[in-house]
Structures are given as structure tokens and as C-alpha cells.
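Values below: every heavy atom of this structure, side chains too, minus hydrogens, waters and symmetry copies. Computed from a prediction, not measured in an experiment: that's the story for all the values here. Here is the naming used below: chain letters follow the sequence lines, and residue numbers restart at 1 for every chain.
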Amino acid sequence: MSTRPTALPPAGAPDVLYLIDLSGYVFRAYHAISPLSSPSGEPTHATYGTVAMLSKLVEERKPAYLGVAMDAGGKTFRGELDARYKAHRPPPPPDLTVQMARCKEIVEAYRIPIFIEQGLEADDLLAVAVARAKEKGLRVVIASSDKDLMQLVDDERVVLWDAMRDKVYGAAEVKEKFGVPPEQVRDLLALVGDSSDNVPGVPSIGLKTAAELLGQFGTLEAIYARIDEVKKPRTREALKTNQADALLSQKLVTLDGSASVDLDLEKLQYGGGADVDRLRELFTALGFTRFLKAVRAPTPEAREATSRVILSREELAAFVAEAREAGRLALEVHASSRDPMTASLVGVALACQPGQGVYVPLGHRYLGVPAQVSLNDLKEVLGPALADPALPKVGHDVKFCEVALQRQGFSFAGVTFDTLLASYLLDPEGNNALPVLSERDTGIKVPPFEAVAPKRKGQPTRGLDEVEVSDAAKYAAAFPAAALAVSDKLRPRLRSERLEKLLDDLELPLAGVLAQMEVAGVLVDPGALTGLGEQMAKELAVIETRAREIVGHELNLASPKQLETVLFDELKLKSQRKTKTGRSTDADVLEALAEEHPLPGVVLEHRLIAKLKGTYVDALPKLVHPETGRIHTRWSQAVAATGRISSQDPNLQNIPIRTALGRSIRRAFVAPPGSVFLSADYSQIELRVLAHLSRDPVLVEAFRTGQDIHTRTAMEIFDVDAASVTEEMRRQSKTINFGVIYGMGESALAKRLGIPRAEAARFIDAYFQRYRGVHEFMERTMAEARRSESVHTLLGRRRLLPDLRSSDRMRRAYAERIAQNTPIQGTAADLLKLAMVKLARPVVPGARMVLTVHDELAFEVPSGVVEEASVKVREAMESVYALDVPLVVDIGHGASWAEAH
DNA sequence: TGTGGTTT
DNA sequence: AAACCACA
């Protein structure tokens, strides 16, 4: 026997037929996998196992020919032969029948041919298919582990593949398993019988005896012809007595490949042309998010988008007419920088047919540049179309276009699709760049910028505005051309994956709100900052001098490398922790060292001031817009994996608040004369979300009765009454509540609280003892997440987590923390986004939303109407969604952001 | 690129 | 946990 195990033919081999014993597979998965159900409660475990096999087969084996055999149900010729055959079997349980039907639907959606034949079992059909395939010279892989089918194995040309265990049975493996070659399996099974099918066989003859007999005689017929040569008397007698049953069993187990069945092998050629929409719909309904990613229409033919340059008002007018005729308009604004508030327009690219773009250069400047459309002509000709809400607009990052155009005095309405936002909803951590989406989903290539503007030796890289317009058009016009084509692919995907509402009712309207916020900006009082900056510079100088005196030489306190040498080599302080490159000098380490030496404390003070000065005090004045005098942060809604909004230039979401110095920076964010700064915070939104999602009775009650949640947690885990909760107990409880939200493990909690791991473990344990509902919710979430390889929020936003099945423990543990955190953080983000959309229109005339920080919205409000605005903002935010617990908003106002808190 | 630090 | 940013 060969020592090398039989292997499957190579993936994609053109002469291989894959056959699936579907009924057998579903039946096996039904018993092998523990029960699961879909979000709607439908049983799914057998379906899940079957889909896992199917998708693995289709994705990895890339079958050239593929077919599925199923039992027809009802009477078979075997039942006619022997009334006992499979007669003892109870009717299949209803949850198996449901899943069998589902599996059939899924196979149909894969567009895999199914053969069913009255009177025959799936095994018989497989035998026929194998026989026909052999005639044609095809190799065959049967996806099954049914021992009856092993008689069909033919060396390495016909093999059985147990996809669940990934084991392949060729002749060698069959011999190993049964002790006989495949051609004797039939007679072996006839002798041994099969209790699960009620095939009688010969009593007292087992696998070993049967194999020995067949080794000696070759066939069942030969055994009976030479029955007297059977040595063991007991075996001989058993054979004689049960000759009828043995022959009957042989008929029952024989798979006859010569049956006349209508089966055309040519129809089994598999092109991979699955009904992807139907598959996605089924997988979504069943909660099989894990398989969604693999469902992809066959890669379309690669092609370039067409492009045309528009240089005159007339040509532009003709295009606008075309777009109106086509009923939609895709656009991409090409600007001189990523910041739409300061960028100048280089050109506008448009499309109204997928794959066909035009480019309107506006600000190209190079020697010999042709006359370009003027901004005024653009406004007059394209402006009305952009402003027309009845003309649907499509783009990739439409907010950028909107802000850049608004800045030039255009109005903008009627956005119906954004490929960036759509792609983000489908996979927030995927690559959402338009060229990537376009090539993958539509085959349209967006050329890289370098392709139209090759780098020239010794010359600086050019901007788009320095590229010859017809070259630029090949690049620029491809964007809207691709966006339109991509939108046609993504819209049905969003629909079948139940993300369409999230786009239409949340993200798209939110993009408009964020655009308004970017245009509005926020006012910073530069005077307040310069004074602060001078003061900080002086303090830093003093600290640096002190540090020099301590160590006796020059040193740069901002350099972790220098600091490392001084602290651990010169001063011989004990290294606490290592980083990848050396010994850590982070705040925790310095705090620990501060007791032993004066230098670490000095460094900490320096770091605090230098950080605030560099990041805010010095940076903010540079970001003041020269024309508006305000700071126009860019808001991103398609960056954070959890669904949160993020902000850049500056990041308004990490402006200091805890230290006095930090608060003085917030004091520089002010409302203009005649207005006040109004700030509204959701109180404990994440824990409220957790209460709602988990329905934990203690948590829900605490919020319904308006208790201090950290005190309540302290009462629970320390088992004391409210009056006995000390400051320290409350502080620890607060950290634990945080830990729960972030999926913090023991070690992270221990570090935070500065306690031993074992103690942290006890806290966590006590927490889950008292908040049983939370514990159960976490377990449920994790089980769901493992199955679907994804987690989702209250509004159905999702995050894919393939790493939950990673073989790397670190990655898996990381994914598990994310699985705990994301439903909570993401749902809080959903609610805030909802509130923002709800507050899209000013609550009172003259009010405008200027910033958001995860659980906070801030507005500029005319001074006279603050009270009215406060009432309206609170009402809107608190009623944004009816949770099981009340939503509470803390609201305040004042001259600056600091005072509004 | 790595380290460190700010927010929620 | 997950953003963004400064600095060496």
C-alpha cells in the first residue's frame, strides 16, 4: 500500500466532476452540529454545516463539473425488495425537513444542477453519474463519507471526499478502512449488514471475518459456490442459514450505475454563475454573515472607462441635458487638496452612464493650457442640475464634493447614493477606495494618477492641475464613471444584506449634516491661545532647566530614546517594562519611578504641557481659515470600524478636559458675539445601551429609577448598601463598568486598578454574578458572533470578524474583545447619528450644529433663544429611539465650550 | 515607523 | 477599544 494519502485533483482541474450527496450531507450535519437558529428562530445548524461544505467546495475546489444528488422520498426499489429496508426509521423530525428544503433552495441559488429520481436514492444517482463520467474520461470526486458509496471508488480516478474532516478516500484508504479493495466493498457490506438501514447481512459476521472471506474467495457468489471450503464451522453455518438474507442484502447495497436515468453530463459544467442576490438574501435571512463575503459575482471583464474633455459652456450644457435625460448624475470634484474648505477646484468630473465619464477642467495651469469653462458658466449651466433635488446624484464621498461646491457658492441636493458609505456599511474595515471597488465589482479600471502623470526625473510630482487636460481626463473622469457602475452593483447588495435603510435613512442624510458642520466650522479665540502659549513656553523652559540641573547635562525631554539612557543607564533606575525597541518610559512607568527620583515627575510635567502646547495651543491658530476666521474640522463617517464619527484637522474629539490646563484650551472654543455655545451630552449612553441590549433586570432598574450607575455597581459587587459605598469603591466600580463596555480582560482591568490579576478576576466574577443578564448577553453575542463571524448593532450596522476563527490565539482574543465592544459602542454611535439626522434642520432660527464627540452634540445658538433651543435639543435627543431604559441628556450653555459643560 | 498621549 | 496627532 502506498504511504502517500490519496489527494484531491488540483483545484480548477478541467476534467473533474464533483458530486454531492446532499441528503446524506444534511443528515450528517444535522446530527454532528449542535443546534443553532437564525435571527428569526428558524433552525439552521444542518444548513450551516452544508453551506460550509458547499461554499468550501465551490470557492476552493473550483469544480469544472458539479452536480448534487438528492433522495426523492417515497418508495424506492429497495423497499420493494425488502419491506424491512429503512422501515424502522421514524419520520424525519420537522427541523430536519425544514433544513433539507433550505439546503435545496441554497443549491438552487448556487445554480448547481440537482438530480432527483422517483424510486431511486441519491446513492444510485451518484453511481449512474460516476459510470457516465468514467465513460467520458472524467475524474470524479464524491463529496460524502457514506460507506455505501465507497464501492464506487476507483483507485485515484474516483474518490470520496469527506469535506467535514477533509479526508480523501481513494482505493488505498478504502482498503485501509475495510480491509478490502473498493470492488469488494459491496459484498463486504452485504455480509456485514447495516443496522441503520435495516440491511440484514449475515449475523455474527463482522468487518474482519467478511474481509477475510472476501480475501480468500473474492466474491459473495464464490463464497457460496465453495461454501465447504469455509474453515470456521460457526461462520460456515451462519452463511448457510442466512444465504437468502445475504443475497438480498447484496441487492440492497449494490449501487447500479447502469440504470436508465436522464442525466446529461454536459449540463453539469459549472461556470460559478450563482444567483448572488438570492444567495445573499438567503444567507442574510439565515444569519450566515460569515459566508456573505465569499459570495461574489464572477469577476467581470476588465475595461477602461471612457473619457471626454469638456471645454465649452455649450458642450457642458449638452452633457447636462444628457444627464437629465438619463435621470441621474454622478460627480467627482477634483480639488487641489484633501481639505475641501481651503482647496481650489481643479476640475469637475461627471457621468450619467456607467463607465462613461466627462471631465470639465476648471483650474488647470500649465504652459499652453486651453481655455477652460469658467466658474461662472459652471454655476449657470451645471448649478441648477446640482441644486435640483429631483435629479438623483451619485458619488464616492459625496460630502467632500458637497463642501467644496458649497464653498464655491453652489447649492447641492438630491444625493441618492454614495459608494463610499455603501461600501463602508458592507464592510467597515474593508478597502473602500473607489478604484478598488470598481475593479472588483464592475471590472472598470480607474487608472492610478501616476499613469497619467508619470514622475519626471528631478522634477517635483505634479498636481492634477499641471497635467495636460486630455491626460487628466483619463484619470479624473473615471471616478464618476466608476461610481455610477459601482452604485448599480452595491444597491442590490445593500438591499439583500439588509443595509439599505441604514444608508438611505441614516448615513446619507448624515453626510449632509456633516457637510453643513464642516462649512459652519467652529470659532476659536486666537487671543486666548497666544497668551496661553507664551505662559506654557515659559513653564517648559523652567522645567527643562530643572531637568538639566538634575542630570547635569543637556537633554531633550521629548526624546524617549535620550530619556531611556538617562533614566536607566545613568540614574540606574529600574526598567519596568519593555517596548519593541527598548525600555518603556510611558506615564505609568514614570509614575512608578517618581517615588525614587525627582526626574520622572519633572518629565511627566513636561510631557503634559508640551503635548497640549504642540497639539492644540500651537496647532489650532494655524488651522484658522483665512476667510471665515473659523476652524473647519473634517468629519468622517466612514472611518471608524464601530460606526463612530471621527474628526481631523484638528481632531475635536480629543480636546483635553480633565486637567485645568486642558480646560483652558476648551475655553478658547467660543461662540461669536450675540451667540452662546450650547452643549448636550448623553448621560451614560453606552451603559444604557448595554441595559437595553441585555435587558439585565438590575441595570434596567437602576436606569429606570435614575440611580448613580457607578454607585449601584459598587453596591452590587461589594454587596453593601448605598450609604456604605466609599469614594474608592465607586471609583473601582466605574473602572469595571468601563471594562465591561470595552471588553477589558482581567489583566487590563488589573493594570487600570493597580491590583493583582486574581483580584481583578474576582471583581469581574462578582460583576457577572450580579449582572446575570449582561453575562448572558455577552455569551449570546459571542456565540452569534462565532457562527456568523460578525457582530451587529441595534440598527443592523455590522462589523465582520473573520479573526474569531483565526488559529492565532492573540488575534482570536482580540477579535473576541471587539465582538463584546462593538455592539455597544456601535449602537451608541447609531443613536447619536440618528439624533444628528433628526436635528439636521436648525432647532431655532440661527442655531447651528458645530461639533460632536461620540455622546455629545454642540451648537451655536443666538443668545436670546438658548432656553428654547435647550428644550428642543433635549427633547429630540432623548426621544431618538425608544430603548428599554430612558435616554438622559445633560445640557449646558455658556460663552465657551468649557463653560457649556 | 515606533512611542506616547488625549478623548469617549 | 478606537480614533487622531506630535515628535524623534
Participant: So, is A:Arg607 close to the B:dG5 phosphate, meaning a side-chain N or O under 4.0 Å from OP1 or OP2?
Facilitator: yes
Participant: Would you kindly check whether a donor in the side chain of A:Arg644 faces an acceptor in the base of B:dT8, or vice versa, at under 3.5 angstrom?
Facilitator: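 Per atom types, the contact qualifies.
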Participant: Under 3.5 Å, is there a donor-acceptor pair linking the side chains of A:His893 and A:Glu899?
Facilitator: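 Looking only at side-chain atoms, A:Glu899 and A:His893 do not form any donor-acceptor pair under 3.5 Å.
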Participant: Are the aromatic rings of A:Phe738 and A:Tyr742 close, with centres under 6.0 Å apart?
Facilitator: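 Centroid separation for A:Phe738 and A:Tyr742: below 6.0 Å.
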Participant: Can you name the closest pair of heavy atoms from A:Ala760 and A:Leu749 and give their distance?
Facilitator: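 For A:Ala760 and A:Leu749, the tightest heavy-atom pair comes out as O-CD2, 3.9 Å.
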Participant: With a 4.0 Å cutoff (strictly under), does any side-chain N or O of A:Tyr814 reach OP1 or OP2 of C:dA2?
Facilitator: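 Looking at the OP1 and OP2 atoms of C:dA2, one of them is under 4.0 Å from a side-chain N or O of A:Tyr814.
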Participant: Under a plain distance cut-off of 3.5 Å, with no hydrogens placed, do A:Thr822 and A:Arg799 share a side-chain donor-acceptor pair?
Facilitator: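 Yes.
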Participant: Among the nucleotides B:dG4, B:dT6, C:dA2, which one has an atom lying closest to any side-chain atom of A:Leu612?
Facilitator: B:dT6
Participant: Determine the contact category for A:Ala641: base if any of its heavy atoms lies under 4.0 Å from a base atom, sugar-phosphate if only primed atoms, P, OP1 or OP2 are that close, otherwise nothing.
Facilitator: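 A:Ala641: backbone/sugar contact only, no base atoms under 4.0 Å.
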Participant: Could you state the atom-to-atom distance from NE2 of A:His606 to P of B:dG5 in whole Å?
Facilitator: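 Taking NE2 of A:His606 and P of B:dG5, I get 13 Å after rounding.
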Participant: At under 4.0 Å between heavy atoms, what does A:Ala587 touch on the DNA or RNA strands: base, sugar-phosphate, or nothing?
Facilitator: sugar-phosphate
Participant: Both A:Asn654 and A:Tyr742 contact DNA chain C. Taking the nearest nucleotide for each, which residue is further toward the 5' end?
Facilitator: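 With A:Asn654 and A:Tyr742 compared, the 5'-side residue is A:Tyr742.
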Participant: Of the nucleotides B:dG5, B:dT7, C:dA1, which has the atom closest to the A:Ile657 side chain?
Facilitator: B:dT7
Participant: Hey, which of these two, A:Pro650 or A:Thr642, hits DNA chain C nearer its 5' end, going by closest nucleotide?
Facilitator: A:Thr642
Participant: Side chains of A:Gln648 and A:Ser636: do they bring a donor and an acceptor to under 3.5 Å?
Facilitator: yes
Participant: Please work out if A:Leu652 contacts a base, only the sugar-phosphate, or nothing of the nucleic acid, heavy-atom cut-off 4.0 Å.
Facilitator: nothing
Participant: With heavy atoms under 4.0 Å as the rule, sort A:Arg799 into base, sugar-phosphate or nothing.
Facilitator: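 Sugar-phosphate contact only - A:Arg799 comes under 4.0 Å of backbone atoms but never of a base.
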Participant: Considering only C:dA2, C:dC5, B:dT6, which nucleotide approaches the side chain of A:Gln648 most closely?
Facilitator: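 Between C:dA2, C:dC5, B:dT6, the one nearest the side chain of A:Gln648 would be C:dC5.
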Participant: Base, sugar-phosphate, or nothing: which does A:Ser647 touch, judged by heavy atoms less than 4.0 Å apart?
Facilitator: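 Sugar-phosphate only.
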